[in-house]
Amino acid sequence: MYGLWKPRVLGAWRMPAHGPAILAVNHSHNIDGPMVMGVSPRPTHFLIKKEAFIGPLDPFLNGIGQLKVDRQSTDRTAVTRALGVLAAGGVLGIFPEGSRGEGDFASLRAGLAYFAVRSGAPIVPVAVLGSSERRGRLVKGLPPLRARVDVVFGDPFEAGDGSGRRTRTALDQATERIQKQLTSHLENARRLTGR
């Protein structure tokens, strides 16, 4: 990432130094996940759509510990593997919106709340800004070479209400709390970076 673009990483010290953690990353461009993997202070295992595991990318993504997920159904294998990462004290990366979009955390899927409440792992909000501002001249699908991309880590927070409940209502309430925290972090990151 540092060879192709100019990442500016802010707040990486906020990432817990050990123990399980969940990175909740906004997603507006294909390079957002690789950018966070490349600049994160700890190895990160992202849940990545199974369609990305094609050709030479399949053994590469598996080899670096990324998790294949079928977004069309409840993928029990992916859920078990993701919970295993957290149980082993690792870092799980999630795009809570489920797919690329505006990257504004406007519509969250329930997966993030489930993993956070089930594992008790803190959520670290991460805003990637600048990856979709301009298109490159050489490769239209990527930001221009040497363009600045900001990656802003926020303060970790707990998604649950402390009761340990995992009911549908508890997950819905956790999703609301998460959305407020992520939206607030994104606003702060934009203000901090001027983007």
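- Atom-to-atom distance recorded for Leu129:CG and Asp32:CG is 9.0 Å, nearest 0.5 angstrom.
- When all heavy atoms of Gly65 and His45 are compared, the pair lying nearest together is O-ND1, 2.7 Å.
- Within the structure, side-chain hydrogen bond (donor to acceptor under 3.5 Å, both in side chains) pairs that include any residue of residues 86-95 do not occur (at least two apart or interchain).
- Separating the CE atom in Met35 from the CG atom in Asp150 is a distance of 10.0 Å, to the nearest 0.5 Å.
- A side-chain hydrogen bond (donor to acceptor under 3.5 Å, both in side chains) check over residues 116-129, counting only residues at least two apart or in different chains, returns the pairs Tyr114-Arg118.
- Applying the salt bridge (charged side-chain N to carboxylate O under 4.0 Å, His left out) test to pairs two or more places apart or on separate chains, those with a residue in residues 170-189 are Arg168-Asp172.
- Heavy atoms only, all atoms of each residue included: Ile31 and Trp5 are closest at CG2-CH2, 4.0 Å.
- Taking both residues in full, the closest heavy atoms of Val91 and Pro43 are given as CB-O, 3.5 Å, listed atom of the first, atom of the second, then distance.
- In this structure, Thr175 OG1 and Gln179 CD are separated by 8.5 Å, a value rounded to the nearest 0.5 Å.
- Heavy atoms only, all atoms of each residue included: Ala24 and Leu182 are closest at CB-CD2, 3.9 Å.
- In terms of heavy atoms, Pro59 sits closest to Pro56 at CD-O, 3.4 Å.
- Scanning for side-chain contact (heavy atoms from CB on, under 4.5 Å) contacts around Ile48 gives Met37, Phe46, Ala52, Phe53, Leu61, Gln66, with sequence neighbours left out.
- Scored by the salt bridge (Lys or Arg N to Asp or Glu O under 4.0 Å) test, Asp75 finds no partners at all (sequence neighbours excluded).
- For the pair Phe115 and Ile123, the minimum side-chain heavy-atom distance is 4.5 Å or more.
- Residue Lys68 qualifies as enclosed at atom NZ: its count of foreign heavy atoms under 6.0 Å is above 12.
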All N/O donor-acceptor pairs, side-chain side in residues 11-18, below 3.5 Å, sequence neighbours left out:
residue, atom, partner, partner atom, Å
Arg14, NE, Asp155, OD1, 2.9
Arg14, NH1, Phe153, O, 3.0

Using residues 82-90 as the side-chain source, report each donor-acceptor pair under 3.5 Å to any protein atom, sequence neighbours left out, with the distance given to one decimal.
none

Task: Candidate pair Ile178 and Gln181, rule side-chain contact (heavy atoms from CB on, under 4.5 Å), full reasoning - done: CA-CA 5 Å; Ile178 291 167; Gln181 291 277 357; 5.8 Å; no
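- For Leu10, the side-chain contact (heavy atoms from CB on, under 4.5 Å) partners are Arg8, Val152, Leu192, Thr193, not counting sequence neighbours.
- Arg146 meets the side chain to side chain donor-acceptor pair (under 3.5 Å) test with no other residue; sequence neighbours excluded.
- With values rounded to the nearest 0.5 angstrom, Asn26 atom CG is found 5.5 Å from Leu186 atom CG.
- Taking each heavy atom of Val39 and Val151 in turn, the nearest pair found is CG2-CG1, 4.0 Å.
- Separating the OG1 atom in Thr77 from the CG atom in Asp70 is a distance of 10.0 Å, to the nearest 0.5 Å.
- One distance of note links CG of Leu112 with CG of Leu171; it measures 10.5 Å at 0.5 Å rounding.
- Shown here are the side-chain contact (heavy atoms from CB on, under 4.5 Å) partners of Thr80, two or more places apart in sequence or in another chain: there are none.
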